[in-house]
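Notes follow once the structure below has been shown.
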Amino acid sequence: MSSIIEDIIARKIFNNRGEETIEVDVITTNGFGRSSAPAGKSRGKTEVTYYPQGGVEQAVKKVDDLIAPELAGLNSDFQEEIDSTLHEIDGTNNFKLIGGNTAFAISLANAEAAANSHGLLLFQFLGGNNANTLPYPLGNCISGGEHARGKAPDIQEFLALPHGAETFLEAQTANTQIHSKIAETLKKKDKLFNGGKSSEGAWLANIDNETAFETIAKACEEVGNEMDFECGFGIDLAASSIWKEKEEKYDYASEGKKRDADEQLEYLLDLIEKYHLTYVEDPFQEEDFENTAELTKKARNCLICGDDLFTTNNERLSQGVKIGAANAIIIKVNQIGTLTDAAETIDTAQRNSYTCVVSHRSGDTCDWHIAHLAVAYKCPLIKTGVAEGARIAKLNELIRVEHFLGNRARMADLKVI
Ligand code: PGA
Ligand code: ZN
């Protein structure tokens, strides 16, 4: 068979923050795949462990000594078998022994090697002939929270969503224009603005939450008018990072205000109405399924998305589904470890009409695989920045996929909005 694994090679490389990460090559008789793992900064508590004790070096050693000999000779076509072998070798429930990022890199490199062995692109191999829908790009334009330092908004991300675009290229064009318009406004509103950007390429400015809202709202409206389609926007609160457990309050330090869960609910409903927000991620701390459900019930025409809430974990999603917590889910494969685990979660989400948002991490490499996952699994949204090397690698890959599909390409069906 042409897709039999002959060798697996691992090495240490670096992500866009200069942090060490793992890269893996999977070599089959007739194919090749390569993937490297990203890293989050505002991580969910229930994510799998990234690396074994000893970090990336130990992870590479585990691949050389333990994993490569075990996987050699298996057929890369059988992704589930590869991924369950990774679980067996690890033997823990959170990839503590080999590392979730090790599993991630092997799993994705294997999928690419299998596709390549058959002369197919990854999205074609995983998604089949019907995989022809492009996701809308959610583009982070202003950073705050744990992605910023000093005086900055408490809200982690202000994200453009050009949901009226007819093609992916148009949508990404709108996002780049919104992003650069925002810089022009920030120059005027923040005397100290020096063009600095966060890991995700979103602007860093000495502004409060309200200024950030006004700035992105104006940019989206102007670009929407110029391009003649609707450009909305949303936020990622990453609320666990502003949650003060002892006081049971959300700490909005830049406003000098604290809000309990009820006040947080009212605040968010007001914001959704005032700015017509189309997307709100992690509105409450990650164990608060109940208030997330309450917001989902009350918010109109808005995607309420769980990131740290679900951590791409099928069981946590199922818990959310039971009470109607959120109507969208972030899919970060390295939160759970393998492609098979993530695909199971996507399946549960889709069966329960949750919108899937395939996502980068703030620390990322030029790995482009998530672009193909969004198309293969028909995910209507991809969250991967606007303008920064590791983001552009994924966004440009989607432009290539759209070009490749030609007149078969469609934009995904984005519900709720
Ligand atoms: P990350 O955060 O730093 O964990 O990648 C991004 C997010 O919260 O969506
Ligand atoms: Zn998030």
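Keep in mind that the numbers below use all heavy atoms, side chains included, and drop hydrogens, waters and symmetry copies. Whatever order the structure lists ligands and atoms in, that order sets their numbers, starting from 1. Here the structure is a predicted model, which means the values were calculated and not measured.
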Residue and atom name of the nearest protein heavy atom (relative to [atom]), distance in Å to one decimal:
atom                   : value
atom 8 (O) of ligand 1 : Gln156 NE2, 3.0 Å
atom 9 (O) of ligand 1 : Lys383 NZ, 2.7 Å
atom 5 (O) of ligand 1 : Ser362 N, 2.8 Å

- [ ] Check if Ala238 has a non-hydrogen atom at a distance under 4.0 Å from any atom of ligand 1.
- [x]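 Flag not set, Ala238 not near ligand 1.
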What atoms in ligand 1 come closer than 4.0 Å to a heavy atom of [X]?
X      : answer
Asp307 : 7 (C), 8 (O), 9 (O)
Asp236 : 7 (C), 8 (O), 9 (O)
Lys41  : 1 (P), 3 (O), 4 (O)
Ser42  : 1 (P), 2 (O), 3 (O), 4 (O), 8 (O)

Task: Shortest non-hydrogen contact between Glu286 and Asp308, atoms and distance - done: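 It is CB-O, 3.6 Å.
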TODO: Is it possible for you to check whether Arg316 lies under 6.0 Å from the centre of the six-membered ring of Phe310, through NZ or CZ, and within 45° of that ring's axis?
DONE: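 The answer is no, since Arg316 fails at least one limit relative to Phe310.
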TODO: Quick one: sort the Phe213 and Tyr275 rings into parallel, tilted or perpendicular, breaks at 30° and 60°.
DONE: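 Taking Tyr275 first and then Phe213, their aromatic rings lie parallel (interplane angle under 30°).
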- [ ] Please work out whether the ring planes of Trp203 and Phe193 are parallel, tilted or perpendicular, with thresholds of 30° and 60°.
- [x]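 If you compare the ring of Trp203 with that of Phe193, the planes turn out perpendicular.
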Task: Derivation of the salt bridge (Lys or Arg N to Asp or Glu O under 4.0 Å) call for Lys257 and Asp251 - done: CA-CA 6 Å; Lys257 232 181 223 161; Asp251 185 7; over 6 Å; no
- [ ] Would you mind counting protein N, O or S atoms that sit less than 2.8 Å from the Zn ion (ligand 2)?
- [x]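 That number is 3, waters not included.
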- [ ] Answer yes or no: is there a donor N or O on one side and an acceptor on the other, between the side chain of Asn15 and the main chain of Pro38, under 3.5 Å?
- [x]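 Flag not set: sc Asn15 to bb Pro38 has no pair under 3.5 Å.
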Open item on the list: Regarding ligand 1, does Ser359 bring an N or O atom to under 3.5 Å of one of the ligand's N or O atoms?
Closed with: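 No, there is no polar N/O contact under 3.5 Å.
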Using a distance-only test with no angle check, is there a side-chain donor-acceptor pair under 3.5 angstrom linking [X] and [Y]?
X      : Y      : answer
Glu388 : Asn16  : yes
Asn334 : Glu47  : no
Arg410 : Thr133 : no
Glu112 : Ser35  : no
Tyr51  : Thr21  : yes

- [ ] Check each of Arg361, Glu281, Lys332 against atom 6 (C) of ligand 1 and report the one with the nearest heavy atom.
- [x]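 Minimum heavy-atom distance to atom 6 (C) of ligand 1 goes to Lys332.
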Open item on the list: Is the contact between His360 and ligand 1 made by the side chain, the backbone, both, or neither, using heavy atoms and a 4.0 Å cut-off?
Closed with: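 Neither part.
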